[in-house]
Amino acid sequence: MLAPMVVSAAETSPAIPRDEAIEAKVQETLARMTLDEKIGQMTELTIDVCGHFDNAGNFTVDEDKLDEIIGKYKVGSILNAPGTTAQTPAAWEKIIGAIQKKSMETMGIPCIYGLDQNHGTTYTAGGTLFPQNINVAATFNTDIARTAGEITAYETRASATPWTYSPTLDLGRDPRWPRQWENFGEDALMNAEMGAAMVRGFQGDDPNHIGPNNIAACLKHYMGYGVPFSGKDRTPAIISASDLREKHFAPYLAAARAGALSVMVNSASVNGVPVHASHELLTEWLKDGLNWDGMIVTDWADINNLYTREHIAADKKEAIKLAINAGIDMAMEPYNLDYCTLLKELVEEGEVPMSRIDDATARVLRMKYRLGLFDDPMTYARDYPKFASAEHSEAALHAAEESMVLLKNVDNTLPLAKGCKILLAGPNADTMRGLDGGWSYSWQGHIADKFAEQYNTILEAMQNKFGEANVVYEPGVVYDDHGNWQQEDASGMQKAVDAAAGVDVIVACIGENSYCETPGNLSDINISRNQLELVKALEATGKPVVVVLNEGRPRLISEIVPEAKAVVDIMLPGNFGGDALANLLAGDANFSGKLPFTYPKEINSLITYDYKVSEEVEKMEGNYDYDAVVAVQWAFGYGQSYTTYAYSNLRVDKAEFGPEDTLTVSVDVTNTGNRAGKESVLLFSSDKVASLVPDGRRLRAFKKIELAPGETKTVTFSMPASELAFVGADGKWVLESGEFRLQAGNQVTDITCTATKRWTTPNR
């Protein structure tokens, strides 16, 4: 038997090729800086400590506070919106202008201002809001991710801001987790491809020279954040060495190679080690392993958590030492300046080496030079005439339409017949807050109805589309927006049931109110009992019921699915979600979205599509007769359309291949229906036998195509054979000889790898 091929060449090419002129400027600036100035560059405070609100509710920067923050402590970065509330471009220009003026006068070094522009210009009043990232993933269209990044960058620069804490690349593999909607679903490849596309949209194609229409991206939350063992936000994750490298690291690897300038760190711990204190993950994997020269920033006050919550440090000073030595470059404090004093003491005591301070400061300066902030630290709204333009709105509407997923459609209930009488019910029928979700004009999205009143709720869009006289509105259940996001009032349920007598069809809009981060933690992922009972009562009327799911994560609805005539998951589609849904329900647009996650059916059947083959076992004979069968409501990649597609002739150019080969895989797709549509063609692989229990299947490539009725297109994927490798228990990549199965649609074909190859370096 031949020995396996072993590859040990290190990854030497930098993730971002350096510009020597910029490097010279970084070193020149660094050489003239004092220790206080260097530590200041490593510090980030929230805007609220820089000023105050007047009686009219307008935020004003306080010069005396800037004298301390920038004048004395030399702070180099400010973040967030005042009171976590969106500001107009004019207000941003005034706020950030005052900060930049002080910073340039004090040090000659610009401040870098950052905002959570997580699905469009979410902290800019009047800006364009795109669907949340989970919706972007459902489009299976990376062009939409890039366009969203480009428009967000343009409008963020119109807000005088050069940096966003986006995209979120956590794998959303646990529907209990309240931040699932912020990422691109459960799959590693999906997050990698969408994340890289959005980074290029934010930054452009040259990360060394980011122009005035682009901004710096920040990948978050590095890494393993999306699979907390408890399902609760900011709690520990337990991840195998193979999954951590193969799946959770993959999106950050791809986005770093796409040029991302910064990374934000996971607030919690992985396998008992808080990521903010992990030299292995921050320095060895990310900085050294990728030869990546970007900047690492903490999440909100997370250095403090090393001693207040994680208890791996005795006090704040020790926590700072652990974090900075692990590889943190900038601390999002965000309220206190004692970080500066304590870090200076640590340097003077020799506990943090000066080389680490210089490296961190250089990384901050490098990002500022790459953004052109030293040349001009400000951008102005007057130079961005396309801010919130019709062109930007059309792009957001298009993204929302492509993201909505048709999950069930019995008896061609949809599209709705013209002239039909519709009862619109449910707590999500008349709310912009529900459509937008968190990170919308405020952290929790709770003031979206005020800021987005010019856009259409589902009710308003349906009235516009079908005629006000044809749409009866009786919600039955409403949210109590003055209390917890989960609080509901079901006192109108009978009125909704009674209203069904005079209509032809019922559209029940159910789901969740907006929430964000830890406040969104759940103890029960079933959709609320009030909403279940409302839909069941509406189904009992005998009228056809269309269930519209407006939610940030898949809430269990198995009780109401059997009797529903149609089910549509719109997730969190943004300001144009109501219009997009109305277009789709009327048949003026066609469904093309597919689920980027597995929709669970049962509380004890939470599983992802790439589960290990041994996780599902049929009944075994014998005394115990036990089984481990998992039921799901809808599978990853599932989504119907108003037309149908047929797959045929799946073929690979090499039935037998070696580890160095590139495989060309093709499949023919035909629109067999009577209307045009878009189909996302997904290519999966299965490793039939492996030395580590293999995944049932893995997504290897995807491509979205548009087909006229009767039209056939050949979709071709070019895939390096190394993509079929996996990470073994030792944390290293291996491609083993043996059989693999490829699948696209209902087509399958088997291919054989003729040799084994092992990598001794972490990344292929």
Side-chain angles (χ1 to χ4, degrees), residues 11 13-17 114 116-119 130 132-134 136-137 140-150 152-153 156 163-173 179 182-208 210 214-226 244-266 275 281-283 285-297 299 327 329 363 366-367 370-371 596 699 701-702 723 762-764:
E11 180 173 1
S13 58
I16 307 173
D116 287 285
Q117 306 282 56
N118 286 351
H119 65 114
F130 274 82
Q132 297 280 2
N133 284 353
I134 196 66
V136 175
F140 281 81
N141 186 345
T142 54
D143 289 342
I144 287 177
R146 175 148 191 168
T147 297
E150 289 171 344
T152 300
T156 299
W163 188 25
T164 183
Y165 308 110
S166 183
T168 301
L169 299 180
D170 310 307
L171 301 187
R173 299 171 69 81
R179 305 192 73 167
E182 294 187 50
N183 58 69
F184 298 104
E186 69 185 41
D187 177 65
L189 177 70
M190 175 66 71
N191 277 271
E193 293 291 320
M194 290 291 184
M198 191 166 280
V199 165
R200 293 187 180 102
F202 285 141
Q203 296 189 172
D205 294 320
D206 183 357
N208 276 305
I210 294 178
N214 294 100
I215 57 178
C218 185
L219 315 178
K220 64 185 188 187
H221 307 81
Y222 179 82
M223 67 179 169
Y225 184 38
L244 192 63
R245 173 69 71 176
E246 182 178 335
K247 297 179 181 178
H248 293 272
F249 186 57
Y252 297 95
L253 172 64
R257 286 174 171 168
L261 295 190
S262 62
V263 166
M264 183 185 292
V265 184
N266 173 1
V275 183
L281 295 183
L282 300 181
T283 298
W285 283 37
L286 183 59
K287 292 181 175 179
D288 295 346
L290 299 185
N291 198 3
W292 178 76
D293 62 8
M295 189 269 287
I296 297 177
V297 62
D299 204 342
D329 300 312
R363 290 171 182 271
R366 185 177 296 120
M367 183 163 73
R370 284 169 164 167
L371 282 163
L699 181 67
F702 59 91
E723 290 298 308
N763 304 309
R764 289 167 298 174

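Computed from heavy atoms alone, side chains included, the values below leave out hydrogens, waters and symmetry copies. Values in this document were obtained by computation on a predicted structure and should not be read as measured data.
- Looking only at side-chain heavy atoms (C-beta outward), T168 and N191 stay at 4.5 Å or farther from each other.
- In this view, A137 and F184, M190, P596 satisfy the side-chain contact (heavy atoms from CB on, under 4.5 Å) rule, not counting sequence neighbours.
- Considering only residues two or more places apart in sequence or on other chains, Y225 meets the ring-ring contact (aromatic ring centres under 6.0 Å, His included) condition with W177, H221.
- In this structure, S166 has no side-chain hydrogen bond (donor to acceptor under 3.5 Å, both in side chains) partners at least two apart in sequence or on a different chain.
- Screening residues 246-256 for side chain to side chain donor-acceptor pair (under 3.5 Å), with sequence neighbours left out, gives D170-Y252, E246-R698, K247-D610, K247-D695.
- Residues satisfying the side-chain hydrogen bond (donor to acceptor under 3.5 Å, both in side chains) criterion with W292, sequence neighbours excluded, are absent altogether.
- Judged as a salt bridge (Lys or Arg N to Asp or Glu O under 4.0 Å), and not counting sequence neighbours, R245 has no contacts.
- Taking the salt bridge (Lys or Arg N to Asp or Glu O under 4.0 Å) definition, one finds that D293 meets it with R18, R366, R370, sequence neighbours left out.
- Listed here is the closest heavy atom pair of L169 and A255: CD1-CB, 3.8 Å.
- Judged by distance alone, with hydrogens and angles left aside, the side-chain atoms of T164 form a donor-acceptor pair with the main-chain N or O of Q117 at under 3.5 Å.
- For Q132, the side-chain hydrogen bond (donor to acceptor under 3.5 Å, both in side chains) test picks out H119, with sequence neighbours left out.
- Taking D143 as the reference, N141 meet the side-chain contact (heavy atoms from CB on, under 4.5 Å) condition, with sequence neighbours excluded.
- Judged as a side-chain contact (heavy atoms from CB on, under 4.5 Å), and not counting sequence neighbours, the contacts of A701 are L683, F717.
- Listed by chain and residue number, F249 satisfy the ring-ring contact (aromatic ring centres under 6.0 Å, His included) test with W285 (two or more places apart in sequence, or in another chain).
- For E186, the side-chain contact (heavy atoms from CB on, under 4.5 Å) partners are R173, F597, T598, T608, Y609, F636, not counting sequence neighbours.
- Here the closest heavy-atom approach between residue G259 and residue V199 is recorded as C-CG1, 4.3 Å.
- The shortest non-hydrogen separation linking L699 to L189 is O-CD2, 3.5 Å.
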